[in-house]
Amino acid sequence: MKVLIVVDMQYDFIDGSLACQNADVAVAKTLKFIKAFDGPVLFTRDYHPANHSSFTDYGGTWPIHCVAGTHGAEIHSELLPYVCEELCFDKGCDVAVEQYSGFDGVNAAGQSLAEVLELLDVQEICVCGIATEFCVRNTFADLKEAGFNVRLLTDCLAWVSREGHEETLKELGF
């Protein structure tokens, strides 16, 4: 089976406190890809408590973003019709732990992304999302390390900086 993993296409990364370059294009191209895709679509989501340790207000390096229950934490509305609870994986929920990889996420039933991928008997994974240099890179790398056949949809990405995006793509072999 072939699956698509959409990484962190949330409002704070699209037009909010951590808005990334190319985000609108990445959402539009991802939506187009999904409409033609024949397989399950899985989503990862940054989903932090309001006092998360990664926030600058609490000693971290990032502005407040993707706080659980806020608009900024929501997946883009055009992608919502493709989101189902058992295939949506939240990460960064523990106040003391920073998690970039969707591989660290769990769904509402407490299942990890790895567990669900195994249950689905996945043969190939396509990955897209926000941001190339952080959550996309870490999710892609963890999937590869776990032995999955992974394809990066390079035209469905958004990034913090163009230079960081290009360096990450080289690092990942693209």
Side-chain angles (χ1 to χ4, degrees), residues 1-10 12-14 18 20-23 25-48 54 62 65-66 73 75-76 79-80 82-94 97-161 164-174:
M1 173 181 294
K2 189 177 193 177
V3 301
L4 170 64
I5 297 176
V6 179
V7 177
D8 300 356
M9 286 207 171
Q10 299 163 263
D12 272 345
F13 298 134
I14 296 166
L18 269 173
C20 291
Q21 297 174 38
N22 203 55
V25 172
V27 170
K29 288 189 175 190
T30 297
L31 185 59
K32 183 177 179 182
F33 186 86
I34 289 172
K35 288 178 178 179
F37 187 71
D38 183 27
V41 181
L42 292 71
F43 288 82
T44 70
R45 192 167 62 164
D46 241 18
Y47 214 62
H48 300 303
S54 71
W62 301 107
H65 66 281
C66 298
I75 293 170
H76 194 283
L79 299 171
L80 279 180
Y82 304 97
V83 177
C84 66
E85 192 173 281
E86 60 271 6
L87 297 179
C88 186
F89 301 86
D90 293 338
K91 58 191 175 59
C93 303
D94 182 328
V97 180
E98 178 64 277
Q99 296 174 309
Y100 290 115
S101 176
F103 215 61
D104 296 324
V106 294
N107 65 13
Q111 296 169 299
S112 71
L113 177 60
E115 290 171 317
V116 172
L117 291 172
E118 200 164 306
L119 289 171
L120 293 173
D121 192 28
V122 172
Q123 306 302 315
E124 182 180 343
I125 300 172
C126 297
V127 175
C128 64
I130 306 172
T132 307
E133 309 96 313
F134 298 97
C135 297
V136 171
R137 177 185 67 204
N138 285 275
T139 301
F140 182 90
D142 285 351
L143 290 166
K144 290 287 273 185
E145 187 176 315
F148 290 103
N149 177 19
V150 189
R151 179 177 151 217
L152 187 63
L153 304 178
T154 56
D155 62 337
C156 298
L157 299 173
W159 48 85
V160 174
S161 77
H165 167 73
E166 290 173 359
E167 286 176 18
T168 300
L169 290 180
K170 285 180 191 170
E171 174 189 319
L172 297 176
F174 294 92

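Counting heavy atoms from C-beta outward, Leu113 and Ile5 have side chains that approach closer than 4.5 Å. Contact check for Leu87 versus Val3: no side-chain heavy atoms found under the 4.5 Å cut-off. You'll find the side chain of Leu172 stays beyond 4.5 Å of the side chain of Val136, heavy atoms only. At a threshold of 4.5 Å between non-hydrogen side-chain atoms, the residues Glu133 and Thr168 count as touching. Between Phe13 and Cys135, the closest side-chain pair of non-hydrogen atoms is not below 4.5 Å. Between His48 and Glu98, some side-chain heavy-atom pair lies under the 4.5 Å cut-off. No side-chain heavy atom of Asn149 sits less than 4.5 Å from a side-chain heavy atom of Arg151. Two residues are said to be in side-chain contact when any heavy atoms from C-beta on lie closer than 4.5 Å; Val116 and Glu86 fail this criterion.
For the pair Asn22 (side chain) and Leu157 (backbone), a donor-acceptor distance under 3.5 Å is present. A side-chain donor-acceptor contact under 3.5 Å links Asp12 to the backbone of Cys66. Between the side chain of Thr132 and the backbone N or O of Ala158 there is at least one donor-acceptor pair closer than 3.5 Å. No donor-acceptor pair closer than 3.5 Å links the side chain of Ser54 to the backbone N or O of Trp62. Between the side chain of Thr44 and the main chain of Phe89, no donor-acceptor pair closer than 3.5 Å is present. Distance alone, capped at 3.5 Å, places no donor-acceptor pair between the Glu85 side chain and the Ala108 backbone.
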- request: For Tyr82 and Phe37, run ring-ring contact (aromatic ring centres under 6.0 Å, His included): C-alpha distance rounded to whole Å, both residues' side-chain angles, the deciding distance at 0.1 Å, then the answer.
  value: CA-CA 11 Å; Tyr82 304 97; Phe37 187 71; over 10 Å; no
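Cys88 is linked by a side-chain contact (heavy atoms from CB on, under 4.5 Å) to Phe43, Arg45, Ile75, Val83, Asp90, counting only residues two or more places apart in sequence or in another chain.
Contact detail for Ser161 and Gln21: the closest heavy-atom pair is CA-NE2, 3.7 Å. Nearest heavy atom pair, residue Cys20 against residue Ala131, reads SG-CB, 4.0 Å. Closest heavy-atom contact between Lys2 and Cys126: CE-SG, 3.8 Å. Between Leu4 and Val127 the shortest heavy-atom distance is CD1-N, 4.4 Å. Across all non-hydrogen atoms, the minimal contact from Asp46 to His65 is OD2-NE2, 3.1 Å. Contact between Asp104 and Gln99 at its shortest, heavy atoms only, is CB-NE2, 3.4 Å.
Interatomic distance, CH2 of Trp159 versus CD of Glu167, reported as 14.0 Å (0.5 Å rounding). Note that CZ of Phe148 and CD of Glu124 are 12.5 Å apart. Values are rounded to the nearest 0.5 Å. A distance of 10.5 Å separates CG in Asp142 from CZ in Arg137, rounded to the nearest 0.5 Å. Annotation: the span from Cys128 atom SG to Asp155 atom CG amounts to 9.0 Å, rounded to 0.5 Å. Between Leu79 atom CG and Met9 atom CE the span is 6.5 Å, to the nearest 0.5 Å.
Residue Glu118 qualifies as open at atom CD: its count of foreign heavy atoms under 6.0 Å is 12 or below.
The ring pair (Phe, Tyr, Trp, His ring centres under 6.0 Å) contacts involving residues 97-118 comprise Tyr100-Phe134, where partners must be two or more places apart or lie in separate chains.
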